[in-house]
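So the structure is just underneath, and the comments pick up after that.
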Protein chains: 2
Amino acid sequence: MQNICMIDPRISTLRVFSSTENVAKTAELTGYSPSAVSAQLRELQRTLGIDLLVKEGRGVRLTATGRHFVAGLDAIVTQWEMLMASSRTASGQLQASFGLGGFSTAAAELLAPLAARLRTTRPEMEVRLVEAQPQRCLDLLLSERIDLAVIVASQSQTGTLVQARFEQTVLLDDPLDVVLPANHRLAGSKSVSLEQLADDPWITEAEHSVYRALFVAAFTSLGVTPHIAHEAVEWETMIAFIGAGLGVGLLPRLATLGSVDNVVRRRVSGVAKPSRRIVAVVRKGSMGSPMIEESLKILQQTAKGIISQRSAEELE
Amino acid sequence: MQNICMIDPRISTLRVFSSTENVAKTAELTGYSPSAVSAQLRELQRTLGIDLLVKEGRGVRLTATGRHFVAGLDAIVTQWEMLMASSRTASGQLQASFGLGGFSTAAAELLAPLAARLRTTRPEMEVRLVEAQPQRCLDLLLSERIDLAVIVASQSQTGTLVQARFEQTVLLDDPLDVVLPANHRLAGSKSVSLEQLADDPWITEAEHSVYRALFVAAFTSLGVTPHIAHEAVEWETMIAFIGAGLGVGLLPRLATLGSVDNVVRRRVSGVAKPSRRIVAVVRKGSMGSPMIEESLKILQQTAKGIISQRSAEELE
DNA sequence: TCAATCATGCATATATTCTGCATGATTACA
DNA sequence: TGTAATCATGCAGAATATATGCATGATTGA
């Protein structure tokens, strides 16, 4: 879309490259063609007079100097973001456009209310919404296509690269419920422990996904290795599989079951209560920006609403 | 000449503007046309979505936000320079081109030897030499047309703006000698004090020049107000005036008298011994750059040579 | 009041920069 | 081992962005 002036577009491209280590993916994320990315990186090195990249196999990777350079850029860009934030605060002028990103459930439950609220409080602002996976959200933040993302916290975000570039705010912990076929032996129980389902066939997401990592973590804490029978990408698919009696699954509380009557949702009891942490992520340094602060406030308010609604339901 | 990638050319332009507060002068210093500068500044504000400039009379000036923004940029650019320096050190790759600036005497006595030396140690490097007044040297440094300048230290360099953007290294203190007509009553003395010349007509540089400030400072410390009879821009002109018997003057030791026989040069004795401090100036953060470090070492060596040569002459 | 100074806007000219395709190199797979 | 797939890059043409030069309006000083 629109590329904010920022430092230099070539430097922005380099930073995205440093997180993908892949010209084609960088091109896709930045919106350039692969040859444009290649040309930009080449031109950048020529102008700086420093070799940042070397060929490796059929790809390219950063040199030691390149990594050092990118690390330095991260600090500079953070300072730039802080400057933009303080300048916006000082002048009272907001950016013309504001991009939000998040995965499906977050987009529905948290981002949609936020966008609606901003549309009324800031009618002149162009608010953009992008649904994307967590990793992609981070890349979109980096390439300044969005300014705030709501994602599921995961181990991969503890890396130094991520820490140097982003700042997180916890919004809420979203527990995972068990979903059983309506005719399951435990369908009558009010709550079910994972131990009770240790031998059932499980339906989960593909390996290397954030959800799968949570799934595995919950069982490893019990010392149990679950039998993963099927893999699904969408919740609807998983629910359909469960309805067909192919196995059982875990569904975040925030995700709605939909109007399905051949499955039941039950609370998880026992020591291992899996949950996912939903966080808001912004570029490091942009925390002080008026739009960001306002958005975070609204998000936390919405999250609080969800939590208190749950406690109310809990008491019924 | 060539504009290094650096931050964004528009930001570079804004920084130069902040030191000139004048579109036309900014255009001249950056090498753009005035309308290009105007367009760049307008475009920058549009992209940032922040008003940096306001019209004032027939000119424009920075807003409060604009000044805040520029101050923040100074810090960022310093960090950028440090990053470039450390990357160059790490990779062992030097810049392709290296610009030196200085005023006439410095250019002759300090920069010429430096350039010559670099030409032998770094034959592949394109070394550029620019002769310019101190203030202009600073502007050239800022706009990255040169990378190191040798100038006379002055009061104007103690401003916060200058301190935020540049770093200085003292090279040598250059005493000012008295130049008298050959038939002057004191021409026979080995040294002359300023008190003895308090009533003579003086020839000096134009007001608001660095030299003039030194001149005034020397006399004010004596409580004497000298009679300034004439003003000259070049030393040659001043010497010619003195030779014609129009008055007396002060000439830095580094400046050569040339082959003139109708004037004499005498040491200044007494409490007020005027001297000018010659310093090397670089952009803040670039101190660690290999080329800068090498150049400063050579300059200090040359300065040391000049000083020791003087002590030797002193003993004769 | 006139001239000078200064910034800006516009049309044209000029550079830059991107895209799409072709190429060469490397890797995965059968 | 051969074949297909993947990946980065180079090149010609196209699209975009950017600068120039002159004209204009606004302000200041003589």
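Note that this is a predicted model, so its numbers are computed, not measured.
In this structure, the side chains of B/Met84 and A/Leu48 come closer than 4.5 Å at one or more pairs of heavy atoms. Counting only heavy atoms from C-beta outward, the side chains of B/Tyr32 and B/Thr26 never approach each other to under 4.5 Å. Under the 4.5 Å side-chain criterion, counting only non-hydrogen atoms from C-beta, B/Arg128 is not in contact with B/Leu100. No side-chain heavy atom of B/Met238 sits under 4.5 Å from any side-chain heavy atom of B/Glu236.
On the nucleic acid side, DNA chain C has its first and last nucleotide under 4.0 Å of a heavy atom of chain B at C/dA4 to C/dG9, going 5' to 3'.
Residue-to-nucleotide proximity on DNA chain C shows that, of B/Val23 and A/Arg58, the 5′-proximal contact is made by B/Val23. Residue A/Gly31 is the one, among A/Gly31 and A/Gly57, whose nearest nucleotide of DNA chain C lies closer to the 5' end (criterion: closest heavy atom).
When the nucleotides D/dA5, D/dT20, D/dT18 are ranked by their closest atom to the side chain of B/Arg10, D/dT18 comes out on top.
A straight line from CG of B/Leu44 to P of D/dA17 spans 16 Å, rounded to a whole angstrom. Note: CD (A/Glu43) to P (D/dG10) measures 12 Å, nearest angstrom.
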Extract all donor-acceptor atom pairs below 3.5 Å that involve side chains of residues 51-61 of chain B and protein atoms in other chains or at least two apart in sequence.
unit_1  : atom_1 : unit_2  : atom_2 : d
B/Asp51 : OD2    : A/Gln93 : NE2    : 2.9
B/Glu56 : OE2    : B/Arg61 : NE     : 2.9

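Using a 4.0 Å heavy-atom criterion, one finds that B/Ala24 contacts the sugar-phosphate atoms exclusively.
OP1 or OP2 of D/dA19 lies within a sub-4.0 Å distance of a side-chain N or O belonging to B/Gln40.
In this structure, the side chain of A/Asp74 does not engage the main chain of A/Arg165 through any donor-acceptor pair within 3.5 Å.
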